[in-house]
Amino acid sequence: MRFVPSHLQRSAATLDGRSAVRSMLLIFAAVMICVSAMVFTALDRVGHYANQLDENRSREAVSGALQTFREQLAATLHDYAAWDDAAENAYVQKDTSWLDRNFGEMSFDNLLFDVSLILDHTGRPISAYSDGERIQPALVDFVTPDVWTLFDRVRNMKADDRLEDTGFVSTTKGIAAVAIGVIRAKSGVRSVAREETRYAIFFRHLSPATVERLSKAYVLPGLTLMPPADQISHMVPIISPTESVIGGLSWVPRSPGDTSLAQVRPLVWCAVAMIAIYMLLLFVSGNQALARLSADEATAFRLAMTDRLSGLANRSGLFAGLSDLVVKAQSEGKDVALLYLDLDGFKEVNDAYGHATGDVLIRSVSAGLRVLAGEERVLARLGGDEFAIAFVGFDVHKTAAELSERVLDFLGEPLTMGERVAVIGCSIGLSVSRRGLVPSEELIRRADMAMYRSKDDGRGRWTLYDPSMDEEREERNLLELDLRAAIDAEEITVVYQPIADSRSFQIYGVEALARWTRKGHGPVSPDIFIPIAESTGLIDLLGLCVLKTACTTLKDWPGLALSVNVSPGQFRDPAFVSRVGKVLEETKIDPSRLTLELTETYFIQNPQRARKTLDLLRQTGVKIALDDFGSGFSSVGYLRQFGFDRIKLDKSLVDSVGENARAVEMLRATVALARSLDMPVTAEGVESEAQAIALRQAGCDLLQGFLFGKPMGAEDIAHLRRTGPLLQLSNIA
Ligand code: C2E
Ligand code: CA
Ligand code: CA
């Protein structure tokens with residue numbers, strides 16, 4: 001079958017696997033992105049924090065440097081101002097030159113101060129030096145308003161105050177620390193009047209060299225003095241006594257966090273990339289494994305959907321294929337057609353020639369069907385000898401009918417199986433799903449039902465499903481229910497048809513025939529209820545019931561023989577022989593008076609087992625008659641093989657008597673053949689005297705038919721026994 005149902009193309013499990021791997025990859029990618037984001041954010045935070053720490057430390061260091069710078073100056077000034085010699089020369093000796101030498105000239109190349117002023121209480125300079133040079137007229141360059149503010153503070157201090165103060169100021173030389181103090185004795189006592197007081201003022205400028213020194217001493221790279229206008233973040237402002245920013249010390253931030261980050265980041269990227277590559281490899285190998293797995297799975301699926309013997313789809317395969325066709329039909333507005341085939345004579349071939357030959361037959365039928373069905377059609381073997389062909393299209397009724405005819409033609413031809421040749425034929429059921437509206441299961445059920453109709457109607461034909469079949473099936477089911485109830489309630493009655501001796505026309509025996517009057521419906525023909533009983537297994541009970549009743553009745557008719565019909569189903573039952581024996585025992589009937597009538601179907605179907613059962617039955621002493629001889633296969637081989645005690649010519653053969661001379665010849669030949677095999681012959685369905693005479697002449701020793709009596713109740717048989725021969729010939733031949 002070329003048509004591959006979508007189920008086979010990719011299994012659900014594989015799809016699941018694929019999507020599982022895919023979603024795992026997606027989840028992994030998301031996790032990777034999240035983890036990377038978190039790691040990098042954390043690294044940034046750490047870096048930022050490290051930067052911040054360094055920034056704070058640098059700021060503290062710069063502030064500390066400035067403070068120390070100022071305090072150093074304050075300490076230097078204190079040494080000079082609170083000095084007994086200075087107080088002596090300033091207040092007592094009033095020696096200005098001493099002050100110049102010991103204060104002013106000391107400002108030359110001094111790391112502690114570079115400008116020295118000595119002012120009187122009004123602020124008038126007494127001594128003024130910058131870098132050791134007298135600077136009398138340029139005093140204003142240094143005594144800025146900020147200095148005056150500081151000077152005022154010291155000037156206004158009380159005698160027991162510190163008498164000194166410091167701060168940062170801006171001069172023409174730049175930004176400087178300034179310290180002001182009252183010149184006094186070391187003991188610290190102001191010994192002169194306020195107006196007489198002298199004040200020493202030292203400046204120490206933040207020259208580039210000084211800043212450089214601070215930079216080295218405090219490990220602050222790039223320390224720079226900034227003008228007040230520049231406001232940058234890495235800067236400590238320098239604030240004057242009047243609280244205004246006069247400048248600042250800035251530094252170059254080392255940003256240790258950034259440096260560490262720069263070192264760590266490539267490593268982290270490397271790690272992320274490695275994990276990503278690892279996962280990618282894992283994904284690729286997982287996908288490959290899945291691909292292998294899905295290939296194996298697809299093979300397993302295909303096997304599960306395929307019939308081993310024929311290589312066609314099996315029942316599951318048909319379901320899968322049909323479901324796809326239904327979907328296709330629904331989407332394309334087409335119809336789905338299903339042909340359900342059952343080979344007619346397959347069981348016989350299988351039984352006669354063995355299973356190996358049966359297998360060869362199935363294979364050659366499959367090959368033929370494959371050619372007939374063509375591509376794009378679902379072709380399946382549903383076990384045993386049943387096949388199905390399904391397809392979609394427009395106007396599928398016509399196509400399906402034509403295909404059915406071709407299949408019937410093909411299977412009507414003799415099939416060669418090695419040495420052997422057999423004609424089998426088939427019965428076809430057809431169902432159509434318009435626009436795919438009928439689901440697969442229902443479609444199969446309908447086709448199956450139509451196929452059974454083909455079989456019932458005589459095989460070798462195709463039948464289109466009709467809704468009335470369902471009604472009939474339902475009616476049949478009701479009939480079955482009622483029949484079961486009737487058997488349980490012992491409502492099955494038995495009638496007896498007389499069998500006459502062909503010489504004397506005296507009653508020789510009777511054939512027991514089952515009758516059923518269905519409650520609320522009236523009598524039902526045995527041709528209807530017997531097949532139902534056979535197909536439902538009710539025949540065992542029914543047959544036994546007829547046998548018991550007939551044998552019991554026979555006790556009232558000494559000397560009469562009894563024929564009872566046995567269905568193949570009963571004969572197949574292993575307990576059948578013992579059941580018959582039990583009835584004979586219970587009714588105390590001489591077994592030789594009982595003849596069991598069997599049709600040839602069972603002998604053809606199962607010759608070996610039939611033979612065994614037959615032998616067992618013979619041991620009980622009953623006789624076996626082959627019923628309906630001449631209506632079916634009627635092989636002489638069977639007659640010889642089984643050696644029946646009697647054969648009954650079918651009514652169809654009897655009917656042909658009188659039609660033409662050849663028919664009579666055939667009848668004579670058949671009877672002669674049976675007699676040559678030591679089998680006496682009963683003719684049944686005898687309706688006319690002419691038939692009776694012809695049959696007697698042909699060699700039939702017993703005659704049965706409406707001419708001698710219809711099937712009747714037991715009382716009527718009793719009456720018949722008392723009144724002479726069953727027939728008085730009007731014109732003796
Ligand atoms: P069968 O065994 O061939 O029985 C003979 C049938 O032919 C009977 O039909 C009988 O009424 C009919 N018949 C006899 N003589 C004539 C005649 O001259 N003309 C016509 N037209 N018909 C005649 P019946 O009773 O309707 O039975 C039909 C079939 O049902 C039987 O065919 C037999 O196969 C089956 N059957 C009946 N009772 C039983 C039973 O108890 N067990 C089994 N297994 N089958 C039974
Ligand atoms: Ca019969
Ligand atoms: Ca018969």
Side-chain angles (χ1 to χ4, degrees), residues 483 486-487 490-500 507 509-517 522-554 561-573 576 579-580 583 594-602 623-632 634 644-658 681-692 694-695 700 702-713 716-717 726-727:
L483 179 61
I487 294 171
E490 295 183 354
E491 283 167 15
I492 304 296
T493 56
V494 182
V495 291
Y496 304 90
Q497 185 174 32
I499 299 169
I507 183 162
V510 292
E511 177 177 359
L513 294 159
R515 289 293 178 266
W516 175 36
T517 304
V524 182
S525 164
D527 290 330
I528 290 173
F529 73 81
I530 294 293
I532 291 177
E534 280 172 345
S535 65
T536 54
L538 287 170
I539 195 68
D540 288 333
L541 269 178
L542 191 146
L544 202 66
C545 171
V546 171
L547 183 69
K548 265 190 202 162
T549 312
C551 286
T552 311
T553 314
L554 194 67
L562 171 69
S563 288
V564 176
N565 295 289
V566 174
S567 289
Q570 288 173 271
F571 205 64
R572 225 174 274 142
D573 182 359
F576 177 65
R579 280 196 192 129
V580 172
V583 171
L594 178 64
T595 301
L596 297 180
E597 295 187 3
L598 274 151
T599 51
E600 62 194 347
T601 346
Y602 186 62
K623 295 192 182 109
I624 310 292
L626 182 64
D627 205 353
D628 300 342
F629 186 75
S631 66
S634 306
F644 298 103
D645 300 300
R646 173 173 289 278
I647 65 168
K648 286 185 86 169
L649 282 189
D650 191 63
K651 185 175 181 299
S652 58
L653 273 183
V654 173
D655 283 347
S656 63
V657 174
V681 180
T682 304
E684 67 177 334
V686 184
E687 290 179 350
S688 69
E689 285 182 15
Q691 284 174 339
L695 290 160
C700 297
L702 295 176
L703 301 175
Q704 181 185 350
F706 292 174
L707 181 65
F708 305 99
K710 292 193 171 183
M712 57 188 79
D716 296 327
I717 292 292
L726 297 171
L727 176 69

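Whatever order the structure lists ligands and atoms in, that order sets their numbers, starting from 1.
- By the criterion of a heavy-atom distance under 4.0 Å, the backbone of Val686, and not its side chain, is placed next to ligand 1.
- For the side chain to side chain donor-acceptor pair (under 3.5 Å) condition, the pairs that include at least one residue of residues 535-548, sequence neighbours left out, are Arg476-Ser535.
- Close approach of ligand 1 to Asp627 (heavy-atom distance below 4.0 Å) involves ligand atoms 2 (O).
- Within ligand 1, the atoms closer than 4.0 Å to a non-hydrogen atom of Gly685 are 15 (N), 16 (C), 17 (C), 18 (O), numbered from 1 in the order shown.
- Residues satisfying the ring-ring contact (aromatic ring centres under 6.0 Å, His included) test with Phe644, not counting sequence neighbours, are Phe603, Phe642.
- Side chain of Ser525 to main chain of Asp527: a donor-acceptor pair is present (N/O by atom type, distance under 3.5 Å, no hydrogens or angles).
- Considering only heavy atoms from C-beta on, Leu702 comes within 4.5 Å of Arg646 through its side chain.
- Taking the side chain as every heavy atom from C-beta outward, Gln497 and Ser563 never approach each other to under 4.5 Å.
- The Ca ion (ligand 2) has Asn565 among its coordinating residues (N/O/S atom, backbone or side chain, under 3.0 Å).
- Contacts between Arg515 and ligand 1, counted as non-hydrogen atom pairs separated by less than 4.0 Å, involve the side chain only.
- Taking a 4.0 Å cut-off on heavy atoms, Ser525 fails to register as neighbouring ligand 1.
- For ligand 1, the polar-atom distance check finds an N/O of Ala514 within less than 3.5 Å of one of the ligand's N/O atoms.
- Considering only heavy atoms from C-beta on, Asp628 comes within 4.5 Å of Glu684 through its side chain.
- When rounded to 10 degrees, the angle formed at the Ca ion (ligand 2) by OE2 (Glu511) and OE1 (Glu597) equals 90°.
- With a 4.0 Å heavy-atom cut-off, ligand 1 is reached by no atom of Gln704.
- For ligand 1, the atoms closer than 4.0 angstrom to any heavy atom of Gly705 are 15 (N), 18 (O).
- Between the choices Ile499, Ile492, Asp527, Val564, the shortest heavy-atom distance to atom 29 (C) of ligand 1 belongs to Asp527.
- Using a 4.5 Å heavy-atom cutoff, the side chains of Leu513 and Asn565 are in contact.
- Looking at Leu513, Asp650, Val546, it is Leu513 that brings a heavy atom closest to atom 4 (O) of ligand 1.
- In this structure, Ser688 contributes its side chain and Gln691 its backbone to a donor-acceptor pair below 3.5 Å.
- Taking every non-hydrogen atom of Glu684 and a distance limit under 4.0 Å, the qualifying atoms of ligand 1 come out as 3 (O), 5 (C).
- Residue Glu684: no N/O/S atom is found under 3.0 Å from the Ca ion (ligand 2).
- Side chain of Asp627 to backbone of Thr599: no donor-acceptor contact under 3.5 angstrom is found.
- Atom numbering of ligand 1 starts at 1 in the shown order; those under 4.0 Å from a heavy atom of Glu511 are 2 (O), 4 (O).
- Atom CD1 of Ile539 is separated from atom CG of Asp573 by 12.0 Å, given to the nearest 0.5 angstrom.
- For Pro711, the closest heavy-atom approach to ligand 1 falls below 4.0 Å.
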Going through the distances and angles, do Phe629 and Leu649 end up as a side chain to side chain contact (heavy atoms under 4.5 Å, CB included)?
-> CA-CA 5 Å; Phe629 186 75; Leu649 282 189; 4.1 Å; yes

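- Within the set Leu598, Leu707, Asn565, the minimum heavy-atom distance to atom 43 (C) of ligand 1 is found for Asn565.
- Look at Asp627 and the Ca ion (ligand 2): an N/O/S atom of the residue is under 3.0 Å from the metal.
- Nearest to atom 20 (C) of ligand 1 by heavy atom, out of Lys710, Glu534, Lys648, Lys651, is Lys651.
- Glu491 contributes no side-chain N or O that, together with a main-chain N or O of Trp516, makes up a donor-acceptor pair within less than 3.5 Å.
- In Asp628, the part holding a heavy atom less than 4.0 Å from any atom of ligand 1 is the side chain.
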